[in-house]
Amino acid sequence: ETESTFRAALLTSGPVSDAGWYAGAYDGLLLLEDSLGASVSHQQTATPAEFDEAFIAYASSGYDIIFAHGNEYQDAAIRAGEQFPDVTIIVSGGGRVSANVVPLIFRLEEGSYLAGMAAAYMTESKVVGMVGGVAIPPAQGTFVAFEAGVHAVDPEIEVLEVFTGDWNDVAAAKEATVAQLSRGADVIIHNLDAASFAVFQAVREVVDDGAVAYAVGMNSDQNAVAPDVILGSAVIRIADAFLATAQLWQDGRVGGAPIYASTEQGVIDFVFNPALVDRVPAEAVDHIARTKQAIRAGEIEIPRVIFVEGEDEGR
Amino acid sequence: MSQVELTLFLESAVRLGIPLALAAMGETITERSGVINIGLEGSIIAGALGGALGALAFEGAGLGVMSGAMAGMLVGLVFAAFAIGLGADQIITGTAVTIGGLGMTGAIYQARFGATGTELSLPTLAPVAIPVLSEIPLVGSALFAQAPTAYFAYLMAPIAWYLLFKTAWGLELRATGEAPAAAEAAGVRVRLVRLVATLFGGAMAGIAGAHLALAHAGTFAENMSAGKGFIAIAVVVLGRWNPILVLFAALFFGAASALQFFLQALAFALAYQIFLAIPNMQTLAALAGWVGKSRAPAALALPWEPHR
Amino acid sequence: MSAGIAPARAREAALLGLGAVTLTLGAGSVLLLLGGYDPAAAGAAMLRGSVGSWNTFVSITLVRSVPLLFAGLAVALAFRAGVWNIGAEGQLYAGAVGGVWVALTFTGLPSPLLVPAVLVASGLAGGLWALVPTLMRLRLGIGEVITTILMNFVGIYMAAWMVHGPLQEQRGVFPQTDRIIEAARLPALIPGTRLHIGFGLALVIAAVLAVMLRRSRFGFQIRAVGASPEAAAVAGRINPARVVFISFLASGAIAGLAGGAEVSGLTYALYEDLSDGWGYTAIAVALLGGLRPGGVVVTAIFFGALQAGAGAMQRDAGIPSAWVDVVEALVILAVLGLDRVRAARAATSTVEGGA
Amino acid sequence: MSDPLVRLRGVQRRFGRVQALAGADLDLRAGEVHGVLGANGAGKSTLFNVLGGLLAPDAGSVEIEGAQIALGSPRDAWSRGIGLVHQHFTLVPALSVRENLALGLRGRSLAEISRVVEATMERTGLRVPLEASVSAIGVGDRQRTEILKTLLRDPKVLVLDEPTAVLTPEEVDGLFDLLRELASEGRAVALVAHKLDEVLAVSDRLTVLRAGRTVLTTERVGATERALVAAMVGGGVADEIALGVHRMSLKPEVPALDPSTVVARLSGVTGDRLSNAALEVRAGEVLGVAGVEGNGQHELALVLAGRVRPATGGAQVPDEVAFIPQDRRTEGLVSDFDLTENIALALSRLDRFGAGPLMPWSGLAEEAERIRIRFDVTAPSVATLAGALSGGNQQRVIIGRELALGAQMLVAENPTRGLDVAAAAYVHGELARLAAEGLAIVLVSTDLDEVLGLSNRVVVMTRGRIVEVPKNERTREGVGALMLTGRSQAG
Ligand SMILES: Nc1ncnc2c1ncn2[C@@H]1O[C@H](COP(=O)(O)OP(=O)(O)OP(=O)(O)O)[C@@H](O)[C@H]1O
Ligand SMILES: Nc1ncnc2c1ncn2[C@@H]1O[C@H](COP(=O)(O)OP(=O)(O)OP(=O)(O)O)[C@@H](O)[C@H]1O
Ligand SMILES: [Mg+2]
Ligand SMILES: [Mg+2]
């Protein structure tokens, strides 16, 4: 019987079957089990009332590292961190830092900035749209960057924004998308969970009617979901980020400062949909590739929503 | 709004109203029999999963809708077994059925497609434009270029109305919901009537769920019913327990919901949470304006056991 | 329907109920096995996570029961008066907003003043949220079932707007309020545990309601109006509108306390999704508790244990959240079956019978 | 003699601790009208509910046309040709009369049903407003609807549980003619009623139940009222007074027209079925109000009792008015409350039980027990739910409670409806005694004998107007004519 090296837990506020944000985290947890031999556990919390409870339960039954996958966990994480100094808590998208509570910040802005550039090259109507779920800082950040990416290519392009208030409400997402399409948008990016499928469906319906329009995937590589309409995806490789974080932690290098996951480590990316990439002008593909290099090298400043307490301009 | 935008707005209103109309129409029949099924949400989500799995298995959206109806009905049967068979409290049973329906669909989905889900691509229910009718200016495309389930809802409204108010069966159903003791004394099989009405309601909610999965999203997602069961129950009241009015009430709610996205898309500088609350507030205002006193079936939610 | 039933029939009903319990639990086990999970481990985790130790029971189960307790009492009070308040969910959110607003605004107050102020504000806000459906019923004759459902949605969005807008934390990025100061937090009821005095307050309210309903004149009026408004008016010369008005608002206020106690006793800030449909669960809690305050206390703790056990099932037995919901639903259904057994036994042993 | 159509033997039925039937026997023969008598709570309704398939017996047998059968539901009973008109209405208030009539008649088209309804109304003379909602019609129309509903199914055995209480004398006569005719067609008819003269007038045979057992079955010929009452109440309690008071003529003198004795005064009260109604009620009198159902008597009673404030016109009524309302099951009692609670409903207001925010439960429970015993309510204890009482016993609870109120005025609508002979006599005696002690009593009743027998003054209501009946016209005929025409024969 192999002795497990450490115990890792994951908290999510939504179902891990969303093939997106939460699924990525769950994959990350399984990766820790497979690659590092961690013994793992997951709890899906429904309300803030459960946050403290879950942290205490995991910490007091000997878990070493807890991935709390969402900014909503940050206050409870700080409290638990004080009560259980030996445990390390990683808060995805969190804003508060302590010795053993560390935000893991995904620089998805970098990917969505590139997505914005792609959208700008492809729009004919000079109107593009963004459909969000809940207006939390990481989501707003991706939209700010998307808009910047668009305007980096063509400042004249109009960018629409809408939030449905629900990551999973497909009907709402569909109508929000239709509303933007009807206002002339022909490239739509989303920041949703399960409801993202409705965005693709809405775009597909106008495409089937003969229009030219594209959707942009987000969070995970969604290119295969709707290969007929998705131009490309702004990707977070969450599982890789978890693995890298766990390795850092094993080396004793986690604590007191945020961890950033970006294009630099290849955690964030923008990937064209291979099925549609031949429609993209070579000039655009090239420009985006060059920009990606520049971002990686820190030569381009991507606008973003700053939300970590005391965060400086560095990485 | 321009002409084009208005048309698009109306289309969107109808699209959003249809799942509510389907579920609420079924619930109307159920409630008319004296049973309030707040487990409707469970039937809707089951219909969504049943619809998705059926469409995949039979490689067709039509059979998917049928599977959705069956799944919704199955959930209705569980509700009926306790609320009608055992005479257990309808509200508690409905609460359990909602929780169980949401859980069971998630569990089945994960069992079938893996813990982290998958990017399903389903045969979808494409909109079908009805010749001539869909050419009517303004409302034509909104009403008559929709998914087939929409036409089913249009058809069901008068059919349900006729059944309810013009047939002996409808009379028994209404009597059962108003005064089960009197209905029983007149020879009506109260529990049988209630069972049938509940199964019908479950099937309609299942179709609503299948519509969500196959006509709206083109996929299944956990919790994708997003509270529509509760809104459908409100729509039943707004429609005064009359299938035809319920159809209009659902479209009204759909329009109010569509408005929020158009207002947001027009970039009104208001917090979007306020837009989200608009349909509910508009409905409250509408109630204050027109419904006045409408009365629920007198025996609604009261368990019934034959005297014996 | 108050019909005394014959003993033989009561026995049949009891058997039917027992059958239902066995069937539900059996079905649950089979389902879990089919899903590849161990029902015994699931059950053990559920028990351990809810009543496995005194601390577990106090710090998790009882803590979880607090909002259900307040909201359940609110629903029971309303239902007893014949007011179908399905709106505890919205009233809870309103109460949370009201409470957190006071906690964030009057930071200069000493704790013995600030804590009561927070609770009073949440009660007032919940009552205010109930005022709209109350007036729509009494002035316009519009049934409260629909208006309270609609107000629930409005309440949830109102709270969401608050944490994105007027009450958003200082830096204006996260959808939550600032943390409330220590002085505004509810002290522990049992030192060393997470149980805050909100639980004690709820018990006090339960006791007051119990005495009021059973012993007081106004409580009697509430029961009379709830059981038969016509007879209350004609035989009892009671003004049903007055009784409805007072009990509807009081119900809203108690539901509001659920939200206030949650933010000031547990989460210390307002977040979106504060409640997982507790206002709806509360209806089941109230009904299963027989609409009696004492019964509500028991069923609220039972539901608290169910939720506590659900968390432990995920953590300790590795059962996914969706499956946990299935188990929860089956447990509720099994309890319903047991309730039928109990009712049937009661019918055989008392004169009145009555369902 | 042929086999009876229905043979009930040794039927037993228990509700919790109450043995409602303890071995009841009954034969119903083709061609007969069979009167069934018994004190309140004797088990008459329970027995017929067993025959109607609503209740399952704990023991005993039900034979129909010689075959022993188990009736599983009312539907079964219908299909065996048993038609039951219940003591308490089993109509659906929210539906129209026509819909109520059609309910459960599967296999016939609505048009066909309408034809049969018309024909049956024609044949029986029972006329009902077909399109009206049942919630909007009076008790008389409801009773007619119930009877029609049963007749439409063409039953072989027709059972009517206290159908006459709410009908006018003419209608009672008409109904009895109809029952005789139905019997002569070869049906069996069973009739439950408390008025001995009525039952004796129509029946061929009689059965008396007491405490759940059949104590007497006899041919009409040779049966005396006295023997029947003796069987009903058991032994010597039945004396002449019990019979006499029921048909007494008190005819006390009208109290002096002293304005100081006016207890209540209405002037020009209009609205809700009342049109320009004016009335004075004086201490010490019984003011009888007669009229065909639905002419405003109920509304008048509500105004006089202070339960409704009139829209226009003046109404001076005492603060506290004892009130026996028309519908005991919705206005008089809360079915889900026990007897103490129902009594508390009215009496907890009284100072004599003490003030303060708490309910004086101990005093109220004692009072309830006192009323239970004084009015001989058949219930195991004051903790029995009102809904579980027999109809007559419910009425006793209300009367007992309202009389205990000690008000200056009593408004009573059909106070003895559903009471057995002895109880009705007792109530009549109480009313007379209380009037003599100075209580002002308004007696609204569809029972003309009761009105004429007890009242010092009589008024008639037609279409919301109040007309006083001259002393010399206070006869069944005179008042009857006034009720129909609104005009006195003399005037
Ligand atoms: N201070 C606390 N605050 C909140 N929750 C706590 C606290 N201490 C313990 N708990 C919770 O209560 C559970 C049981 O705690 P406790 O240590 O009292 O139980 P135990 O008897 O040791 O049981 P076990 O053997 O399962 O640990 C813990 O797993 C934890 O979730
Ligand atoms: N559903 C019930 N639950 C409990 N007790 C009942 C029920 N129905 C009848 N009883 C009791 O059974 C007894 C017989 O009642 P039943 O109604 O048969 O009397 P009845 O002869 O019809 O009287 P009445 O002349 O007052 O109508 C009464 O004591 C009554 O309280
Ligand atoms: Mg421990
Ligand atoms: Mg009777």
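This one's a predicted model, so the numbers in the text were calculated from it and none came from an experiment. A note on names: the letters A, B, ... follow the listed sequences, proteins ahead of strands, and every chain is numbered from 1. Basis for what follows: all heavy atoms, side chains included, without hydrogens, waters or symmetry-related copies.
- Residues B/Met104 and C/Asp325 fail the side-chain proximity criterion, which asks for heavy atoms closer than 4.5 Å.
- Contacts between C/Leu31 and chain B at a heavy-atom distance below 4.5 Å involve the side chain alone, from C-beta outward.
- A 4.5 Å side-chain heavy-atom check between C/Tyr280 and B/Thr98 finds every atom pair outside the cut-off.
- Shown are B/Leu238, B/Ile231, B/Thr283; of these, the side-chain contact (heavy atoms from CB on, under 4.5 Å) with C/Leu150 is made only by B/Thr283.
- With chain C as the partner, the residue from B/Gly42, B/Ala234, B/Pro279, B/Ala299 showing the most heavy-atom pairs under 4.5 Å is B/Ala234.
- Note that CD1 of B/Ile99 and OG1 of C/Thr281 are 5.5 Å apart. Values are rounded to the nearest 0.5 Å.
- Using a 4.5 Å cut-off between heavy atoms, B/Phe79 does not touch chain C at all.
- Residue B/Asp89 holds its CG atom at 4.5 Å from CG of C/Leu287, rounded to the nearest 0.5 Å.
- Your options are C/Ile146, C/Val132, C/Val335, C/Asp339, and the one with the most heavy-atom pairs under 4.5 Å with chain B is C/Ile146.
- Of the two parts of C/Thr24, only the side chain, counted from C-beta on, holds a non-hydrogen atom closer than 4.5 Å to a non-hydrogen atom of chain B.
- Contact detail for B/Leu86 and C/Gly337: the closest heavy-atom pair is CD1-CA, 4.2 Å.
- The six-membered or imidazole ring of C/Phe153 lies away from that of B/Phe230, with a centre-to-centre distance of 6.0 Å or more.
- Of all the heavy atoms in C/Leu140 and B/Ala288, the pair that sits closest is CD1-CB, 3.8 Å.
- Across B/Leu287 and C/Met136, no two heavy atoms sit closer than the pair CB-CE, 4.2 Å.
- Contact annotation: the side chain of C/Met158 never approaches that of B/Gln273 to less than 4.5 Å [non-hydrogen atoms, C-beta and beyond].
- The nearest pair of heavy atoms linking B/Thr95 to C/Ala284 is OG1-CB, 4.0 Å.
- Taking the side chain as every heavy atom from C-beta outward, C/Thr147 and B/Leu284 approach each other to under 4.5 Å.
- When all heavy atoms of B/Ala96 and C/Ala329 are compared, the pair lying nearest together is O-CB, 3.2 Å.
- Looking at C/Ile149, only its side chain comes within 4.5 Å of chain B, counting heavy atoms on both sides.
- Of the atoms belonging to B/Ala111, not a single heavy atom falls under 4.5 Å from chain C.
- One distance of note links CD1 of C/Ile332 with OG1 of B/Thr93; it measures 10.0 Å at 0.5 Å rounding.
- In this structure, B/Ala107 and C/Ala322 approach most closely via the heavy-atom pair N-CB, 3.6 Å.
- Atom CZ of B/Phe248 is surrounded by 12 or fewer heavy atoms from other residues, nucleotides or ligands within 6.0 Å.
- Distance check, rounded to the nearest 0.5 Å: CD of B/Gln110 to OG of C/Ser321 gives 8.0 Å.
- The shortest side-chain heavy-atom distance between B/Ile274 and C/Tyr157 does not fall under the 4.5 Å cut-off.
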